[in-house]
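Order of appearance sets the numbers: ligands from 1, and atoms from 1 within every ligand.
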Amino acid sequence: MTHVTHVDGPTDSVTARVPAKVNLQLSVGPLREDGYHDLVTVFHAVSLFDEVTVTSAERTSVIVTGEGGPAVPLGPANLAVRAAAALARATGRRGKAAGQGAGGVRIDIRKRIPVAAGLAGGSADAAAALVACNELWQTGLSVAELTEIGARIGSDVPFSLAGGTAVGLGRGERLTTALVSGSYQWVLAFGAAGLSTPDVYAACDRLRAARRTKDGQPVGVTEPQLSTALMAALRSGDPAAVGPLLTNDLQPAALSMQPLLRRALQAGREHGALGAIVSGSGPTCAFLARSAESARELAVGVTGAGVCRAVVHVSGPVPGASVVQSGAVA
Ligand code: C5P
């Protein structure tokens, strides 16, 4: 249960917490004219959280600490800054969040979600900034309105707001809640270096363009379909049914860019994973465990294999971005 502290009087500072995601299914359609791909994906929020605190300030600034902090841009390219500015524009606080005069916002991002890892860390921070600024400025936008603004910042922002388990269509921004029983135990293995999402999609397109049938004809890209078997397995709540049904069309591209990931996936399987998959555009590998106990053993085994930078044990589904503290600055 989330603890929310409300104090009387003006709110100077708001903290929101936001989870990472893994994709249980990631089916990628053909390249669209706008440079995106139509997806059929199943998002699943897991208990690895970033925290974003927004504080009223003269000028807008951003500070990033924690996992991969130095790799996060601090200027207007920062997704949390863009989210705050977009909310300010949408609600008539034009210019203020951009730091012109009083009414800026200091954005403090404490990262545990690695950067460029296929876990939607940047989108998560944008979602947390939207939720936190909505509270700080008392702008009163609904989740649906925040979702509309968030979708323009990044394809995964709507899911970072929603959390849980959801089917994503379009760029991944059109969401429907999925019916899921129980809780799933995961081990996430972080890669040594990040992967750029556009680069992985581009590699996926190149690999597909090179595919040929036996008689040398190009193999077309079919429209993605939701896996009804995966949805039924999720409803059953049985991780042993879910594990073999995890799929990711971006995995061959991620593996072509970081061949060592094959060894990480293999290590997970050898140490009892029910399913082993690259998360999103990678390079994080996600391993589904039978129970919390086997997740701990899996984490020790994968760590011992020495094929990744760090390993964490998480569970899902968990809720999306939410305010955890709100009050006057001490
Ligand atoms: O929406 P977002 O900015 O997170 O997407 C980053 C990049 O990932 C896009 O510029 C595009 O290259 C790729 N992408 C895609 N199809 C999607 C989502 C992302 O090709 N559905």
Undergrad: For the atom pair CG (D38) and CG (L169), what is the distance rounded to the nearest 0.5 Å?
TA: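 Answer for the CG-CG pair, D38 versus L169, is 8.5 Å.
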Undergrad: Contact between G172 and ligand 1, counting heavy atoms under 4.0 Å?
TA: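 Under 4.0 Å: no for G172.
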Undergrad: Could you tell me whether E145 atom CD has more than 12 heavy atoms of other residues or ligands within 6.0 Å of it?
TA: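 Check passes, neighbour count above 12.
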Undergrad: Write out the residue and atom name of the closest protein heavy atom to atom 9 (C) of ligand 1, then the distance separating them to 0.1 Å.
TA: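 Going atom by atom, the protein heavy atom closest to atom 9 (C) of ligand 1 ends up being Y36 CE2, 3.7 Å.
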Undergrad: Would H37 count as being in polar contact with ligand 1, using the rule that some N or O on each side must be under 3.5 angstrom apart?
TA: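 Yes.
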Undergrad: When you measure from the heavy atoms of D156 to every atom of ligand 1, does any distance fall below 4.0 Å?
TA: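 Not so, D156 does not reach ligand 1.
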Undergrad: For atom 8 (O) of ligand 1, grab the closest protein heavy atom and report residue, atom and distance to one decimal in Å.
TA: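 Atom 8 (O) of ligand 1 sits closest to the protein heavy atom T197 CG2, 3.3 Å.
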Undergrad: Using a 4.5 Å cut-off on heavy atoms from C-beta on, say whether the side chain of L250 contacts that of Y201.
TA: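 With C-beta onward as the side chain, the pair touches.
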Undergrad: Just which atoms of ligand 1 are under 4.0 Å from any heavy atom in P198?
TA: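 Going through ligand 1 atom by atom, the ones under 4.0 Å from P198 are 7 (C), 12 (O).
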Undergrad: In the protein, which heavy atom is nearest to atom 4 (O) of ligand 1, and how far is it?
TA: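 Its nearest protein heavy-atom neighbour is S155 N, 3.7 Å.
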Undergrad: For atom CZ of R208, is the number of surrounding heavy atoms from other residues, nucleotides or ligands below 6.0 Å larger than 12?
TA: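 Counting other residues, nucleotides and ligands, CZ of R208 exceeds 12 neighbours.
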Undergrad: How about R32: does its CZ atom have over 12 heavy atoms from other parts shown lying under 6.0 Å from it?
TA: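 Yes, enclosed.
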